[in-house]
Amino acid sequence: MLNQNDAPIYDALRKFKKMRIVPFDVPGHKRGRGNTELTEFLGQACMDVDVNSMKPLDNLCHPVSVIKEAEEIAAEAFNAAHAFFMVGGTTSAVQSMIMYACKSGDKIILPRNVHRSAINALILCDAVPVYVNPDVNHQLGIALGMSVEQVERAIEENPDAKAVLVNNPTYYGICSDLKRITKLAHAKGMLVLVDEAHGTHFYFGENFPITAMAAGADISSVSMHKSGGSLTQSSFLLMGSRINSDYMRQIINLTQTTSASYLLLSSLDISRKRLALRGREIFAKTVELAEYARSEINSIGGYYAYSRELINHDSIYDFDVSKLSIHTLPIGLAGIEVYDLLRDEYDIQIEFGDIGNILAYISVGDRMRDIERLISALSEIKRRFGKSGAGMLSQEYINPIVAEAPRKAFYADKISLPLDETAGRVCCEFVMCYPPGIPILAPGELITPEIIEYIKYAKEKGCSMTGTEDINIERLNVLI
């Protein structure tokens, strides 16, 4: 019988620590003795369990004992047919589910505002994207979810597509009608893949949007480290009953490390136990903090902390109220400028700032006094630095024009041109602000004057730009 009070990996590590094993295996620090400075920094308890796979601790690539048991308990907690422990972050989970569904030349229907990991997967497996360009809220400048009508049209026009991928929720907290999209895809024999990187809490709290597993989706990638409290880089990959989990493990093992970190594995095990036993209480408190912060920030004036009032029952089918997404342009500051001011002037680090919005990530570890400090800092920023919003770029998301498949463009012969000379050319690399990691340009997309203007504006405002060979993003690689 499975028991959510159990944490098999954690228990095995505690038992192992008592065995006084003499290590003649890796890692070479040998329980910290070989690297005292690192041990002093991380602590002896951490170094004691940074160990290699062995029979008492099982092996993530082919689990037969404690990891296998932990997977079964996790699957039950998430109401999935199977769950995999992922130590390469949700990036590797997203890539694994796409590589499971698609082979070279296969089509996959997905929103263009996906995380770069999804497009990276298309490069790896040579799948062909059929993008559903999302609607845009022009007031906020953000991409929304996929409308059912758009997805239905894409399915009808591409009946040979192997899968549909859905973000649930987006970084900003917006959810599509996952249940209806799943029903449409399944009616045509397509798999439904869900990027739930920001939706861990949906499974354990109350009154949240529907989860991928509850909606009948086939595979879901869940960032346990984001809202679930596990260590950075640890995630779950969840399977529905239609999925061959043995084949999925083979897919995962193509790219996942053979030296899995037991720090990450145990953090997943312990965090799952905590949420399974106390998730409702934990996330009720999280929502309470978010709702309070939203109300207080909106009362400052200028800022707009948005929520369920955005729901239109289609491209915004539902909203994650634990997300504290805040529009900043009315106070005359780009989101990235508020982001920098919070850190540099007030010692507050939020999740991200983009052209028009910021996201303060509220989760299991936040306290009311931290929320009050954030509210106070935002009020002061408006008073000290606020100005007219005239002349500010408001368009956050630009629908791209796809000219070539991502893999073909990424590996094609290319030349490097100054940014201002690339209009009308096809990009061979990624350009994105990170976070959130949604590409402004991806390999195979047409570079337009509007996109060039956006890139230059984002750089000017201080966005952290990544993805290009040229670290300063003054040049782009384009097709010859």
Side-chain angles (χ1 to χ4, degrees), residues 104-105 107-138 141-144 146 150 153-154 157-158 161 165 334 336 354-356 391-434 436-480:
S104 179
K107 293 180 183 177
I108 178 172
I109 298 167
L110 69 166
R112 174 51 182 76
N113 59 322
V114 290
H115 189 266
R116 69 168 294 175
S117 58
I119 301 177
N120 283 345
L122 305 183
I123 293 172
L124 291 172
C125 71
D126 196 23
V128 178
V130 176
Y131 288 128
V132 174
N133 284 324
D135 292 337
V136 174
N137 181 305
H138 293 284
I142 62 173
L144 308 179
M146 291 195 293
Q150 288 175 319
R153 186 183 310 119
E157 293 174 356
N158 300 274
L165 186 148
I336 187 62
D354 51 34
I355 296 301
M392 299 192 72
L393 187 67
S394 61
Q395 185 66 24
E396 182 63 45
Y397 178 80
I398 302 170
N399 283 322
I401 300 169
V402 179
E404 295 285 355
R407 181 182 177 92
K408 182 178 179 181
F410 184 80
Y411 287 114
D413 292 334
K414 64 201 73 169
I415 57 171
S416 174
L417 293 178
L419 180 61
D420 283 328
E421 297 177 20
T422 60
R425 307 297 289 261
V426 176
C427 192
C428 295
E429 56 189 346
F430 288 96
V431 184
M432 73 196 81
C433 300
Y434 192 88
I438 299 167
I440 300 166
L441 279 169
E445 294 176 355
L446 190 69
I447 304 168
T448 64
E450 183 184 22
I451 287 174
I452 293 172
E453 178 192 2
Y454 181 94
I455 293 170
K456 292 165 71 174
Y457 187 84
K459 286 176 60 181
E460 175 192 328
K461 291 298 183 181
C463 289
S464 177
M465 308 287 285
T466 68
T468 52
E469 189 174 315
D470 174 18
I471 198 167
N472 296 315
I473 317 190
E474 294 171 351
R475 306 177 70 87
L476 291 181
N477 288 335
V478 299
L479 289 182
I480 293 175

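When each of N120, D126, I123 is checked for a side chain to side chain contact (heavy atoms under 4.5 Å, CB included) with P406, only I123 meets the rule. The only option from L479, V478, I480 that meets the side chain to side chain contact (heavy atoms under 4.5 Å, CB included) definition with V426 turns out to be L479.
Residues that satisfy the side chain to side chain donor-acceptor pair (under 3.5 Å) test with S416, not counting sequence neighbours, are R475.
Here the CD1 atom belonging to I452 is positioned 7.5 Å from the CG atom belonging to L476, to the nearest 0.5 angstrom. Expressed to the nearest 0.5 Å, how far OG1 of T422 lies from CG of L441 amounts to 8.0 Å. A distance of 13.0 Å separates CZ in F430 from CD1 in I438, rounded to the nearest 0.5 Å. Between atom OG1 of residue T468 and atom CE of residue M432 there is a gap of 9.0 Å, rounded to the nearest 0.5 Å. Remark: C463 SG to I355 CD1 distance equals 4.0 Å, nearest 0.5 Å. Taking CD1 of I451 as the start and CD1 of I401 as the end, the distance is 7.5 Å to the nearest 0.5 Å.
Of all non-hydrogen atoms in V431 and M465, the two that sit nearest each other are CG1-CE, 4.0 Å. In plain terms, the two heavy atoms of N133 and Q150 that are nearest each other are O-NE2, 3.0 Å. Nearest heavy-atom pair across A154 and V132 is CB-CG2, 4.0 Å. Taking both residues in full, the closest heavy atoms of I473 and K459 are given as O-NZ, 3.0 Å, listed atom of the first, atom of the second, then distance.
By the 4.5 Å heavy-atom criterion applied to side chains, P400 and I440 are not counted as neighbours.
The number of heavy-atom neighbours closer than 6.0 Å to CD of E469, taken from other residues, nucleotides and ligands shown, is 12 or below.
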Side-chain donor/acceptor pairs under 3.5 Å, residues 108-119, sequence neighbours excluded:
from	atom 1	to	atom 2	distance (Å)
R112	NE	E445	OE2	2.6
R112	NH1	P439	O	3.1
R112	NH2	P439	O	3.0
R112	NH2	E445	OE1	2.9
R112	NH2	E445	OE2	3.4
H115	ND1	S117	N	3.1
H115	ND1	S117	OG	3.0

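Listed for the K461 side chain is no donor-acceptor partner under 3.5 Å among the backbone atoms of A334. Judged purely by atom type and a 3.5 angstrom limit, E429 uses its side chain to pair as donor or acceptor with the backbone of N477.
The list of salt bridge (Lys or Arg N to Asp or Glu O under 4.0 Å) pairs with a residue in residues 405-420, not counting sequence neighbours, reads E404-K408, D420-K456.
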